[in-house]
Undergrad: 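One structure is given below, represented as structure tokens, and several questions about it will come after.
Only this structure's heavy atoms are used, side chains among them; waters, hydrogens and symmetry mates stay out. To find a chain, count down the sequence lines: A is the first, B the second, and so on, and within it residues start at 1.
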Amino acid sequence: MKRALVLIPLFLIAGPLVAQQDVVFKAMRDELSRSMKKLQLEHLEKPYFVAYKVVESDSKNAAASFGSLMASGQNRSRMLGVEVRVGDYALDNANFFSIGFGGTGVVRMFGGNLSLPLDDNYDEIRRQIWLATDGAYKKALEDLAKKRAALQNKNRTDLVPDFSSEKPTETTDVAPLVNIELVDAEGRVKQLSAIFRAISGVFTSQVRLEVSNVFTRYVNSDGTSFTRKAPWIALTATAATQATDGMPLADFVVAYGRAAADLPSLDQLTALVRAMGIRLAMLREAPVADRYNGPVLFENQAAAELFSQVFAPQILGTPRMITDNPQFERAFGSDEDNLLDKIGARVMPDFLKLVDSPIAASFQQIPLLGGYKMDEDGVRARETVVVENGILKTLLTGRGPMRGILQSSGNRRGTGVMPSNLLLISQKAMSTDALRAEFLRLVKQRGKEYGIVVRRIGNPGVRGGGQGMSFSFSSAGPSRQGSRVEPAIAAYQVFLDGREQLIRNATIAGLTVATFKEIVAVCDKPVVYTAPFSVRSANPFTFNPGGTTPVVSFVVPSLLFDDVTVQKPSGEIPKPPFSKHPSFEK
Amino acid sequence: MKRLDVLICFLLVLVPSTFAQSHPVLDAMNAELARSLDQLKKQGVPPYFLSYEITETYSVNVSGSFGTLNRSGENRRRQLDIDLRVGDYTLDNTRPVRGAFPNFVDRFSMVEMPVDDNPDAIRAALWYHTDQKYKRGVEQLTAVKMNTQVKVEREDKSGDFSQQPGERYVEPLAPTEADRKAWEEKVRKYTAPFQRYGNIYDANASLSANTETRWYVSSEGSAIQTSQTYYRLFISSFTKAEDGMELPRYESFFSFTPDGLPDDATVLKAVDRMIADLKALKVAPLVDPYTGPAILSGRATGVFFHEVFGHRIEGHRQKNEEEGQTFKKMVNQKVLPEFVSVYADPTMRRWGGTDLVGSYPYDNQGVRARRVPVVENGVLKSFLMSRTPIEGFPASNAHGRKQAGFAPVARQSNLLVIAQKTMPRSDLKRLLIERVKQEGKPFGLLFDDIQGGLTMTGRTIPNAFNVLPVMVYRIYPGGREELVRGVDLIGTPLTVFSKIVAADDEVSVFNGVCGAESGGVPVSAGGPGILVAQIEVQKKQKSQERSPLLAPPFDDK
């Protein structure tokens, strides 16, 4: 008995001890409680909500081109993010944009983030949290006053709160660290990029490997806290060339994982990259097809990319940003950019169901990589049925409520709201062969000579062959006129006798979210596809500290549409190079 | 033994120009340069000039604040710059198109190159970007030709590019000597004394070693390899006055060798002085706008000349008709008092007790560095010339400079202000006090430490300069000196130059980075302390942020 008595207290304090040993967490908690208790400017409002996030990232990356190293390095950083809200859940300072000069307190922050010491020095970490909180609080007071003023002259059509109240949670999501030595990473990208030394039709190419371990600590005044240790490996190979008439062509290979073993083997990667290079070189000689209107079958990767670029952005619920500057109002007009008004309406054929599942770890033994235990606000992850029997049920949200959606669905990722793993499930699927037969039947019915099958589409987050300048800009989502789909990389004319002709530079035109209602049929073998997703951020000026490029895993079957326009690009075409590539000059 | 010493010395001198092995990067660049020229010769408009420059930077950076480590890392990268010209030396594609939106596309590019010495990969990248550059060049030449026809005749009728003999020079690759672990300890140690102060809001120390290796080849037959490591220690801190004004204090050390950086004791003494100065600045009185006599310390003189004069003698500005061209018509005229001479000398490696960061053996256009007498005995002699000729100055004097990724223009190197007639600082102060009394002023000013400056040289905005001081003192007629805050030194160039009265014998140098249209380039500027009969100060820009509401956590018990 005595022994048990000794054991029990020991066991009880083991939990708190772990947290106490973590001086960063202790500094965060102590400054949080001081801020909630004491932070107040004269007679003005005190904060009603404070959250701190410390994102510690330890990353390595290597890039190579044509067998030669382009860059390699490792980086360690520790960034603090501070969120201070004044007012109350109904109306607070957040979700408001105002251009201002000068600072947010005495320390210089970038997008609300501040660099912290790498050493576990309690006093110094607290000093920085103190200074950052002070700045964030003063800015919050000013923003709230400006926001109230901006709203005085307006009637709000949607009377929803500014911030959702969520149950406090304490979560730990810790995966084993991933470690690849930098020299090994360098060796691998050099080897893979050297594949292009034997492919004469490719002008520029690059292979890049990123390995990171991101350790996030989060605590807020609701009593929510979490610890996340997320390992990540990303391999990206890109290649670009020009067709014989000069039209630009590009393709890519991406592979992701949470452990070194998740990536395909070197042999498999070699085969994937070589196949991509050869495909691209062949594409140079392929013909361009004239404008086509008719049945189009999107297979595998193309179906997933199409879904990712056209449908997925529309199911994200981000409240409309309020601003005191009319010039920005248009830029933030996000209400029309999602399907909020379509809740309860049919958005797909009745045999389709769409589920966002951060808790699904795999699909038919293939890992899904967009999941998590809790989102970036500490809201516990759960499955959300977005579309059922073709009817839109809800949108994916963070803690910013919208009309009819008052709670977070646990989808705050990176800088905004994002899907995790999206599974498009069909209650009425056909075999691949049956789908193809159905497609050809439709082609024939329309009196067409051929139909078009699209097998690969570009991804907006993976561009270029690794040469020249590239800027990526986060925007408030696709334009209202209908989304622009990246050009098809691999499209085929399929003739009635089953013969296939590869065509290049095919552009999918005018396919919008509404087109998904007209899906004719889908196959029973969905592709599992993980790719970067352009996160939709309410405020384009937000910044994701030390985070990795967010990906979404899709489980999407091949999709057959009855009527889609596929055309060739218009406008000027750059000339092909005046001389031959020096390595292939014969 | 002695002979051996002599021999080694001799070898060190000889190696660079004659005996060194050619580098594989240089060979690959030469091979692709020859092939490109050969291929493009077949086109309707062949290039008349082509050069490649690859800049490798290998940098080791360690920084800390308040006794803790913030960052520690190293990085290697190579960037490519191509100068491809179609047309001819008198008129080519690089001429600015008057009335057009500034041409950023051709002035700035960011092309990463392989960091291995793999010739195939280097040549593949050179091929691709030469082709792109060539297409832009032909397009631009058409626009330039049309522009010369539809616009009025240019005032300056000189050509677009000066001829230059090919140069061959290969310097050994410079080592990078940085022990990161030891440096991490140093930056912690250097910033630990700030820990006790809750009202010092930033206290940062960074140690860096930066090895820059440049390979340059041109169709004129040049093949140049230069390599230099820059070691720097920079400490910055700031506090705030009650009224919100930010009060910074910086210390910076620079050397070409790791041993040239100060030892820990010296740095810690400087840190103590910084803390003492910050405390004093916090309670120092504000100065209102004022005109009157002032002394500029050597470093202040350096920055003052860099802004007021240096930027206005950059050659290409004499040609651009949107520039103020203050000194264009003043060659061989007196612009400064007779006892003052000014040199731009990239060959000078050390002066005023420090290595000079603005030194180089060749500029970014393959021109061998030389000492340029800019002002001799008060008379303006020359401009700083890149390979863009101007009327009366057809040739470069090796000041075509840039940051990797930018197109070069005429920039400063080491700007040395030399006084033939000097006196001790105490006499200079006596002179100042005499003037204060004569003019019935309440006080004179002493600008001691400065953080930098800025100037505008265009025509569309007032042609003025601004020197940003950190430590300013009022000197009263009785000789008392009082630290003050809140002012910048301002003025217009010609007026203030006519008011330089005397100089002291305490030469000191400001090593910094100068930003302009060809990016950031390292420059030095220095001279003696000078007495200016009349200067003007204006109120400093002031932060509107109040000090933190809560006490520092470690004081809030």
Undergrad: Based on non-hydrogen pairs under 4.5 Å, which of B:D556, B:D117, B:T130, B:D38 is most in contact with chain A?
TA: B:D556
Undergrad: What verdict does the side chain to side chain contact (heavy atoms under 4.5 Å, CB included) test give for A:Y137 and B:L549, after you've listed the backbone C-alpha separation in whole Å, the side-chain angles of each residue and the deciding distance to 0.1 Å?
TA: CA-CA 10 Å; A:Y137 171 59; B:L549 302 169; 3.6 Å; yes
Undergrad: Measuring heavy-atom distances to chain B, does A:R197 have an atom under 4.5 Å in its side chain, in its backbone, in both, or in neither?
TA: side chain
Undergrad: Given a strict heavy-atom distance threshold of 4.5 Å, which part of B:I122 is in contact with chain A: side chain, backbone, both, or neither?
TA: neither
Undergrad: What is the distance from atom CG of B:L69 to atom CZ of A:R76, rounded to the nearest 0.5 Å?
TA: 7.5 Å
Undergrad: Please name the pair of heavy atoms, one in B:P114 and one in A:S68, separated by the smallest distance, quoted to 0.1 Å.
TA: CB-OG, 3.2 Å
Undergrad: Less than 4.5 Å to any heavy atom of chain A: does that hold for the side chain of B:R123, its backbone, both, or neither?
TA: both
Undergrad: Check step by step if side chain to side chain contact (heavy atoms under 4.5 Å, CB included) holds for B:D120 and A:F66.
TA: CA-CA 8 Å; B:D120 291 343; A:F66 222 56; 4.1 Å; yes
Undergrad: Is any side-chain heavy atom of B:Q195 closer than 4.5 Å to one of A:N121?
TA: yes
Undergrad: Within the 4.5 Å heavy-atom criterion, are A:D123 and B:P553 side-chain neighbours or not?
TA: no
Undergrad: Mind telling me whether A:F578 and B:Y134 have parallel, tilted or perpendicular rings, with 30° and 60° as the class edges?
TA: perpendicular
Undergrad: Parallel, tilted or perpendicular, judged at 30° and 60°: which one describes the rings of A:F203 and B:W127?
TA: perpendicular
Undergrad: Not counting sequence neighbours, which residues clear side-chain contact (heavy atoms from CB on, under 4.5 Å) with A:S59? List them please.
TA: A:S57, A:N75, A:S212
Undergrad: Side chain, backbone, both or neither: which part of B:R78 has a heavy atom under 4.5 Å from chain A?
TA: neither
Undergrad: Between A:P117 and B:F66, is any pair of side-chain heavy atoms under 4.5 Å apart?
TA: no
Undergrad: Would you mind telling me which of B:R77, B:Q43, B:R71 has the largest number of heavy-atom pairs within less than 4.5 Å of chain A?
TA: B:Q43
Undergrad: Counting only non-hydrogen atoms closer than 4.5 Å, does A:Q40 touch chain B with its backbone (N, CA, C, O), its side chain (CB onward), both, or neither?
TA: backbone
Undergrad: Does any donor atom in the side chain of A:Q206 or B:E112 lie under 3.5 Å from an acceptor atom in the other side chain?
TA: no
Undergrad: Looking at every non-hydrogen atom in both residues, tell me the closest pair between A:S579 and B:D131 and how far apart they are.
TA: N-OD1, 4.3 Å
Undergrad: Go through the structure and list residues passing side-chain contact (heavy atoms from CB on, under 4.5 Å) with B:R180, not counting sequence neighbours.
TA: B:V60, B:V62, B:S72, B:E74, B:E184
Undergrad: What option among A:L116, A:L69, A:I125 has the most heavy-atom pairs under 4.5 Å with chain B?
TA: A:L69
Undergrad: Hey, which of A:R127, A:E124, A:K38 has the most heavy atom pairs under 4.5 Å with chain B?
TA: A:R127
Undergrad: Kindly give the heavy-atom pair with the smallest separation between B:D116 and A:G67, and that separation in Å.
TA: OD2-O, 4.3 Å
Undergrad: Step through the shown structure and confirm whether more than 12 heavy atoms of other residues, nucleotides or ligands are within 6.0 Å of NZ on A:K575.
TA: no
Undergrad: Heavy-atom count check: over 12 atoms from other residues, nucleotides or ligands less than 6.0 Å from B:K189 NZ?
TA: no
Undergrad: Among B:L550, B:N70, B:N118, which has the most heavy-atom pairs under 4.5 Å with chain A?
TA: B:L550
Undergrad: Going through the checks in order, is the salt bridge (Lys or Arg N to Asp or Glu O under 4.0 Å) test met by B:R76 and A:E186?
TA: CA-CA 13 Å; B:R76 186 190 301 277; A:E186 291 173 355; over 6 Å; no
Undergrad: Would you say the side chain of B:P552 lies within less than 4.5 Å of the side chain of A:W130, judging by non-hydrogen atoms?
TA: yes
Undergrad: Inspect the contact between A:K138 and B:E545 and indicate whether a charged nitrogen and a carboxylate oxygen are less than 4.0 angstrom apart.
TA: no
Undergrad: If I compare all heavy atoms of B:Q39 with all of A:E585, which pair ends up nearest, and what's the gap?
TA: NE2-OE2, 2.8 Å
